[in-house]
Q: 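Below is the structure I would like to discuss, written out as structure tokens.
The sequence lines fix the lettering, A, B, ..., with proteins before strands; numbering per chain opens at 1. Quick caveat, the model's predicted, so the values are computed rather than measured.
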Amino acid sequence: MLQSKSFVKKTKQGRVVKVVREHYLRDDIPCGAASCSSCDAAARRLNADAAAILVIDTNVVLHQIDLLENPAIEDVVVLSVVLDEVKNKNLSVYNRLKALCTNTARRFFVFTNEHHRDTYIKEMAGESPNDRNDRAIRVAARWYQSHLGASARVLLVTNDRDNKRKATEEGLNAETVESYVRSLAQPGLLDLVVVPTSGDVTMEDVEDLRPSKRKVIYIEHKPMSEITSGLRCGIYHQGKLRVNRYNPFEAYVGSESIGDEIIIRGRSNMNRAFDGDIVSVELLPQDQWHETKSFIADDDEDDNEGDVRLAPDSADDAPRNTNSTQSTVASVSSRPVGRVVGIIKRNWNSYCGSLEPMPMPAGSGGVAHALFVSKDRRIPKIRIQTRQLGNLLNKRIVVAVDSWDVMSRYPSGHYVRTIGDIGDKETETEVVLIENDINTRPFSTQVLACLPSLPWTLSPEDLANPNRQDLRQVRVFSVDPPGCRDIDDALHCTPLPNGNFEVGVHIADVTNFVHPGTPLDEEASQRATSVYLVGQRIDMLPKPLTEDVCSLRADTARLAFSVIWEMTPDAHIIATRYTKSVIQSCAAMSYVEAQARMDDSRMVDPLTVDLRNLNSLAKIMRHRRCERGALTLASAEVKFEIDSETHDPLDIGIYQIREANQMIEEFMLAANISVAEKILQHYPLCSLLRRHPSPTKEMLEPLLRTASSVGLNLDASSSKALAESLDNAKRDDPYFNKLIRILATRCMTQAVYFCSGDMSLSEYYHYGLASALYTHFTSPIRRYADVIVHRLLAAALDIAKLPPIFQDGPQLTGIADNLNYRHRNAQMASRASVELHTLIYFRTRPVDTEARIVKIKANGFIVFVPKFGIEGPIYLTSKGDKGGDWVVDEVNQKVTKPGANISYAVLQSVMIHMEVVEPQPHRPKLQLTLI
Amino acid sequence: MEHVNPLTGFRVDGRRPNEMRQLRGEVGVVSRADGSALFEMGNTRVIAAVYGPREIQNRSQQVNLKEALVRCEYRMAEFSTGDRRRKPKGDRRSTEISLVIRQTMEASILTHLMPHSQIDIFVQVLQADGGTRSACINAATLALADAGIPMKDIVTSCSAGYLCSTPLLDLNYIEDSAGGPDVTVGILAKMDKVTLLQMDAKLPMDTFETVMELATEGCKAIATYIREVLLENTKQLECQRG
Amino acid sequence: MDERWFPTVNEREFIEQAFESGLRVDGRGPFDFRNLKIAFGREDGSAEVELGETRVMGYVTAQLVQPYKERPNEGTLAIFAEFSPMADPAYEPGRPGEAAIELGRVIDRGLRESRAVDLESLCVVAGKHVWSLRVDLHVLDNEGNLIDAANIAALAALSTFRRPECTVGGDDGQQLTIHDPDVREPLSLTIHHLPIAVTFAYFGDGNIMVVDPTFKEEAIMGGRMTVTVNSNTDVCSIQKAGGEGLMPSVVMQCLRIALLKAADITNEIKIKLSQG
């Protein structure tokens with residue numbers, strides 16, 4: 001029999017369409033009862049001798065799903081009308097009900113009453129859909145009773161009073177949930193019964209995508225005119241939104257009008273703003289400024305310190321302490337708290353990440369609405385539509401954002417492209433590059449057109465240039481890491497007749513080939529630095545320049561920019577001069593080679609003598625620097641040995657620092673400082689310098705606390721004092737000193753570039769080097785900052801004109817900001833690449849090794865593994881358990897298990913086991929466990 | 001959206017995966033035509049009218065003087081789908097379907113018995129709810145039989161698809177637009193030969209075989225029904241004659 | 001006057017008798033393809049294919065348009081075929097005839113419905129700007145089996161096509177800039193698989209079948225079936241409209257043969273692409 005269902009529907013575009021559908025009624029639908037002889041035996045589910053056969057109402061399913069899952073409830077008939085209603089209202093309850101019905105151990109039977117000839121009913125005039133459904137349920141229950149006759153008792157279970165009343169009027173057995181449960185006489189069950197509330201079941205994270213059912217979740221943004229007037233009167237404040245990387249529901253807006261950062265808490269207060277947007281903020285009333293317990297960001301697997309990563313190099317890499325364990329709760333946070341009312345400038349990008357796992361849609365080409373989770377935790381989940389879900393699951397993809405309207409919880413975006421499989425090395429490396437905004441595109445034809453004609457040779461014009469001195473006869477040499485092709489710097493050391501030394505530092509003359517305003521210069525300015533990944537390098541300038549024309553290779557004439565000092569044997573600088581030059585390096589050595597030559601006392605050729613002279617000068621200079629207060633912090637730089645074919649890591653170890661490294665470093669530092677002084681002298685307002693802000697008291701606090709717990713008193717009043725205390729921190733444990741230095745590294749700030757006109761003289765200070773002035777001059781091939789400094793120096797020497805950009809203060813500040821941004825990103829990309837390779841390395845090699853505890857937490861501690869330079873958490877209790885057994889002693893920095901007499905103190909050595917596990921498919925992670 | 005309910009095994013409209021929609025065929029609905037038929041498959045309604053054999057109207061189109069020329073035109077009424085169609089005929093889809101129907105019917109008509117003449121088949125879709133191609137072919141067969149045009153065998157057609165890992169017979173509009181594959185099969189019933197086969201979207205080959213078999217079964221069922229309709233019609237004519 | 005070529009009775013009988021002995025007039029086996037040559041034009045996205053003596057040129061262009069309302073995040077792909085009288089005197093200039101439309105639709109089904117070209121990656125701003133691809137196929141010489149040749153031409157052209165890169169920026173994040181190919185390298189399309197069309201012509205009662213019919217074989221054939229498969233053993237589309245009836249078992253046999261042939265042709269195309 002054929003019925004026709006017709007209803008009117010509003011489409012997405014707003015048109016009104018009448019939809020007519022067929023509806024077939026059947027007479028071959030089984031009832032599923034064992035006691036019934038007429039229906040199909042194969043479909044029997046309900047027990048023949050059941051006390052009652054229950055027919056349940058929609059509300060009972062929605063509210064009491066926990067009770068239904070209890071094994072005491074059996075022999076239930078779920079009508080298809082109930083099934084459909086539940087599916088429309090709450091998807092997760094529907095899934096649970098579906099699981100119950102498919103579970104062969106439970107006796108739940110699905111009866112398709114909507115298609116059964118006897119139980120299908122049409123909507124009566126004036127009946128609401130809800131009433132019609134209730135009537136359908138009653139009709140079905142009545143049919144069941146008449147069909148089964150006296151062999152079984154059919155019971156309609158509903159909490160809807162109206163429904164129950166009508167059912168009893170019609171002669172059905174009807175009961176509420178409580179009375180039925182009570183009749184079962186199982187006291188434990190009654191607890192599961194949920195007291196019905198009058199409201200609807202609250203929707204969890206499932207969002208109803210149907211246009212008619214969406215609710216307004218966010219507040220509308222204020223129009224631009226209101227924002228500008230608000231900014232003018234001071235009720236709104238403007239600033240850039242920065243989301244906390246470790247807690248995406250907390251963000252900060254730096255506001256000049258207030259002079260402090262405004263905290264934004266919670267998704268609704270962030271009002272659809274993204275990290276990096278320029279927003280306008282309204283302050284909340286002051287009584288709402290207290291520090292609410294910042295909840296751990298949900299839907300994330302680990303908390304902020306749960307991942308094994310490289311030891312942080314500075315405070316920026318270490319997680320922010322959002323919940324301090326100190327007892328300073330009493331102090332009300334005086335930081336202003338506000339909410340976003342409008343977005344002035346959007347900062348939407350493409351993001352890479354992967355899709356949340358979800359079941360496939362019906363047809364292979366059917367539309368699926370998937371949620372995209374970005375690798376960068378600061379970005380919210382993005383909803384995308386796709387017809388090729390099978391192709392995209394378990395892959396890293398790039399998604400771009402389109403819009404975010406007030407009615408959807410998540411922004412909408414679309415799929416851009418696939419990068420590759422999750423966990424694949426190439427893919428993950430590309431993800432790292434995209435995340436850190438690193439440009440890997442090949443150089444465009446315009447850029448390549450700016451290169452000089454190759455092969456390049458020294459031309460007579462270069463020699464004839466009066467500003468360029470011909471130093472090809474000087475014995476110049478370079479020392480670099482093995483396999484280095486882009487040689488920035490070379491030195492020479494000539495003994496002078498008066499007993500002093502002439503020491504020269506020659507830097508590749510990049511600005512001779514990269515002219516301001518050309519596409520090549522623009523591109524280099526954008527990229528700002530070369531990025532070094534494990535086994536791969538992404539250049540700032542095209543290869544012909546970096547590896548050939550500018551690189552100070554041995555045995556060919558090359559152009560350079562030189563700093564030449566006259567020094568006494570105890571390294572006092574008597575005179576400095578700067579000049580462009582032509583050099584010809586006689587040897588390009590590696591650190592190992594240079595060190596071997598110096599150490600081998602049999603070698604007395606002029607080159608080795610020069611090396612030894614330089615070395616002794618360098619040692620004196622270094623000592624003097626340390627006197628002044630320069631810090632030597634232990635760097636846990638990890639080095640990989642890569643298999644040339646598979647590009648997989650073969651060996652991992654800490655980078656070895658030899659005397660030769662320190663020697664070169666010393667002279668580079670000296671050159672940088674000299675150049676800084678020179679350019680500042682000529683251009684006090686527009687020089688590009690580098691500063692290192694001193695760490696604040698709060699930043700040093702963890703270090704001081706840890707040190708005092710082991711009885712060490714560190715003086716952090718000045719860098720010199722700190723350096724001295726670090727030198728004196730010695731124990732029997734030979735590794736102790738290194739560990740303390742590593743802990744100190746975590747507290748340091750990052751050095752940044754700045755424009756001299758933007759800061760006052762005292763702020764120029766470089767804490768780590770203990771120098772009043774510093775800049776970058778010695779690596780123009782891989783850093784754009786050095787290119788700028790080269791141009792400043794050339795102008796200071798009247799060799800070239802200063803490009804007009806230097807007169808534009810704000811533009812210069814913008815350039816400095818970009819340099820810092822790119823530098824930071826390059827660093828993070830390097831670290832991520834190292835972490836990735838670490839994971840690959842350990843995937844096939846679980847290892848047992850020694851580790852040191854560096855931080856105590858309530859449920860475990862963080863250890864540092866000296867052999868590999870990585871650190872990660874060790875859990876003493878299982879996840880989720882709040883660690884009630886273990887007691888933390890803050891003063892002594894110990895965690896103890898009372899009763900068992902086991903304790904772990906900071907800086908203690910423990911043995912651990914490291915291996916790679918895959919708790920979720922395709923998401924391997926390194927796990928550390930105590931042995 | 002679940003096109004096949006995993007708990008009950010029924011489709012959205014209550015059919016099982018291998019069940020067809022309700023069929024209804026009626027002969028002789030257009031009085032002026034030599035033969036006509038109305039065919040319904042569920043909510044898809046198609047009307048077909050046959051004019052011929054009659055004199056060739058356009059000499060230049062004649063290919064083979066020894067055989068009859070078969071022309072076919074497929075139209076969708078503007079009101080046949082949910083929203084008004086702007087171009088009822090002349091767009092690429094209609095042209096292709098006209099071509100397909102013509103070639104299918106041509107294979108079955110004994111054209112060499114009617115030289116120097118032409119047969120026109122006009123098919124109009126009144127209501128479209130999936131499977132219009134199949135309904136048109138079935139209607140055309142009925143109309144040709146009504147017109148008394150000699151045919152090798154009756155041509156019937158049915159469509160099948162593959163959703164939720166189940167082959168489904170006779171897709172309606174909702175199932176068709178779900179993005180799964182759509183296989184339309186037309187057979188010469190008694191001879192059991194496939195004369196029309198169209199498929200779009202991707203299917204692995206073994207699945208394709210299953211789906212094609214299902215569609216062929218459907219065609220056979222329609223053939224049985226069409227024979228009944230024709231027998232019924234003949235009986236009525238006989239009665240009218242006295 | 002109809003310019004179509006008609007086979008004489010002699011020719012028809014000659015070809016039919018040859019089939020009965022298992023031979024074809026040009027000496028091929030019944031399931032052999034003719035010689036395939038692919039040449040790429042100077043610009044990205046143009047290719048010329050020679051299958052025996054049939055020549056088809058494929059040309060791909062792209063434009064930014066508004067997407068369809070039902071598919072706001074997908075680009076579009078449209079195939080247009082043109083038969084010029086140069087290829088065959090039977091074709092008339094002007095509006096494409098039935099055969100041209102059928103050709104276009106068969107190739108369209110094979111490429112678009114099977115999702116060979118990733119259309120979602122052509123989206124720039126969902127709901128506002130997407131790339132719309134247009135493949136124009138020009139038949140230069142019709143020596144039989146246009147569908148297969150045109151299909152290969154379309155695939156070759158799509159594989160070498162590069163579209164300009166564009167970025168979305170501006171204050172509201174909605175302004176579109178398209179970059180010159182000199183400034184930013186253009187991007188190629190994502191093609192998931194290559195659907196290959198294999199046409200079977202059959203004669204007699206449907207028991208004699210050959211692959212890749214020539215023009216003369218086409219003129220006397222009883223019917224034709226085009227099967228589009230890819231090297232992943234997926235059937236992408238089938239088109240058999242009328243003509244002589246076939247047993248279902250014969251249909252499956254043809255599919256299996258088509259799979260083998262498709263693998264060969266896919267290899268050849270890949271080799272030619274890497275060379276070109």
Q: Between V227(C), D234(C), L255(C), V229(C), which has the largest tally of heavy atom pairs under 4.5 Å with chain B?
A: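 Option with the greatest count: D234(C).
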
Q: What's the shortest heavy-atom distance between A107(B) and G243(C), and which atoms?
A: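 Looking at all heavy atoms of both residues, the shortest contact is CB-O, 3.0 Å.
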
Q: How about NZ on K216(C), more than 12 heavy atoms from neighbouring residues, nucleotides or ligands closer than 6.0 Å, or not?
A: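 No, NZ of K216(C) has 12 or fewer neighbouring heavy atoms, counting only those of other groups under 6.0 Å.
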
Q: Verify the neighbour count for atom CD of E55(B): are there more than 12 heavy atoms of other residues, nucleotides or ligands below 6.0 Å?
A: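 At most 12 heavy atoms, drawn from other residues, nucleotides or ligands, come within 6.0 Å of this atom.
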
Q: Does atom CD of E16(C) have more than 12 heavy-atom neighbours from other groups under 6.0 Å away?
A: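 Check passes, neighbour count above 12.
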
Q: For the CG atom of D91(B) and the CD1 atom of I101(C), what is their distance to the nearest 0.5 Å?
A: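 Here the interatomic distance stands at 9.0 Å.
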
Q: Is chain C contacted by the side chain of M212(B), its backbone, both, or neither, given a heavy-atom distance below 4.5 Å?
A: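 Just its side chain gets close to chain C.
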
Q: What part of V251(C) gets within 4.5 angstrom of chain B, counting heavy atoms only: side chain, backbone, both, or neither?
A: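 Side chain only.
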
Q: Check the surroundings of atom OH in Y51(B): do more than 12 heavy atoms from other residues, nucleotides or ligands lie under 6.0 Å from it?
A: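 Atom OH in Y51(B) is crowded, with more than 12 foreign heavy atoms closer than 6.0 Å.
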
Q: What distance separates I187(B) CD1 from M247(C) CE, expressed to the nearest 0.5 Å?
A: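 Here the rounded value is 10.5 Å.
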
Q: Go through the atoms of E106(B) and report whether side chain, backbone, both or neither lie under 4.5 Å from a heavy atom of chain C.
A: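 The answer is neither part of E106(B).
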
Q: Show, in sequence, the C-alpha distance, side-chain angles and deciding distance for R105(C) and Q198(B), and conclude whether the side-chain contact (heavy atoms from CB on, under 4.5 Å) test is met.
A: CA-CA 11 Å; R105(C) 296 233 358 143; Q198(B) 277 189 319; over 6 Å; no

Q: Check the pair E113(C), D182(B) against side-chain contact (heavy atoms from CB on, under 4.5 Å), reporting the backbone distance first and the verdict last.
A: CA-CA 10 Å; E113(C) 304 266 348; D182(B) 181 10; over 6 Å; no

Q: For Y59(C), I'd like to know if atom OH has over 12 heavy atoms of other residues, nucleotides or ligands within 6.0 Å.
A: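 Result for OH/Y59(C): open.
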
Q: Under the criterion side-chain contact (heavy atoms from CB on, under 4.5 Å), I'd like the reasoning laid out for V235(C) against M205(B): C-alpha separation, chi angles, the key distance, then a yes or no.
A: CA-CA 6 Å; V235(C) 180; M205(B) 205 168 81; 4.0 Å; yes

Q: Can you tell me how far the OG1 atom of T228(C) sits from the NZ atom of K202(B), to the nearest 0.5 Å?
A: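 Answer for the OG1-NZ pair, T228(C) versus K202(B), is 13.0 Å.
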
Q: Let me confirm one number: the CG-CZ distance from D108(C) to R93(B), rounded to the nearest 0.5 Å.
A: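 These two atoms lie 13.0 Å from each other.
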
Q: Under a 4.5 Å heavy-atom cutoff, which of T104(B), L196(B), D200(B) has the most pairs with chain C?
A: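 Greatest number of close heavy-atom pairs with chain C: D200(B).
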
Q: Is N230(C) in contact with chain B via its backbone, its side chain, both, or neither, using a 4.5 Å heavy-atom distance?
A: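 For N230(C), the contact with chain B is made by the side chain alone.
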
Q: Using a cut-off of 6.0 Å, state whether more than 12 heavy atoms not belonging to F14(C) lie near its atom CZ.
A: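 Not buried by this count: 12 neighbours or fewer within 6.0 Å.
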
Q: Looking at M191(B), E213(B), K152(B), R102(B), which has the largest count of heavy-atom pairs under 4.5 Å with chain C?
A: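 If we count pairs closer than 4.5 Å to chain C, R102(B) comes out on top.
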
Q: So, for G245(C) and L188(B), which heavy atoms are closest and what is the spacing to 0.1 Å?
A: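 Nearest heavy atoms, G245(C) then L188(B): CA-CD1, 4.5 Å.
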
Q: How long is the straight-line distance from CG of L203(B) back to OG of S237(C), given to the nearest 0.5 Å?
A: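 Here the interatomic distance stands at 11.5 Å.
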
Q: Taking it one step at a time, do E102(C) and R92(B) satisfy salt bridge (Lys or Arg N to Asp or Glu O under 4.0 Å)?
A: CA-CA 9 Å; E102(C) 191 192 358; R92(B) 296 157 66 84; over 6 Å; no

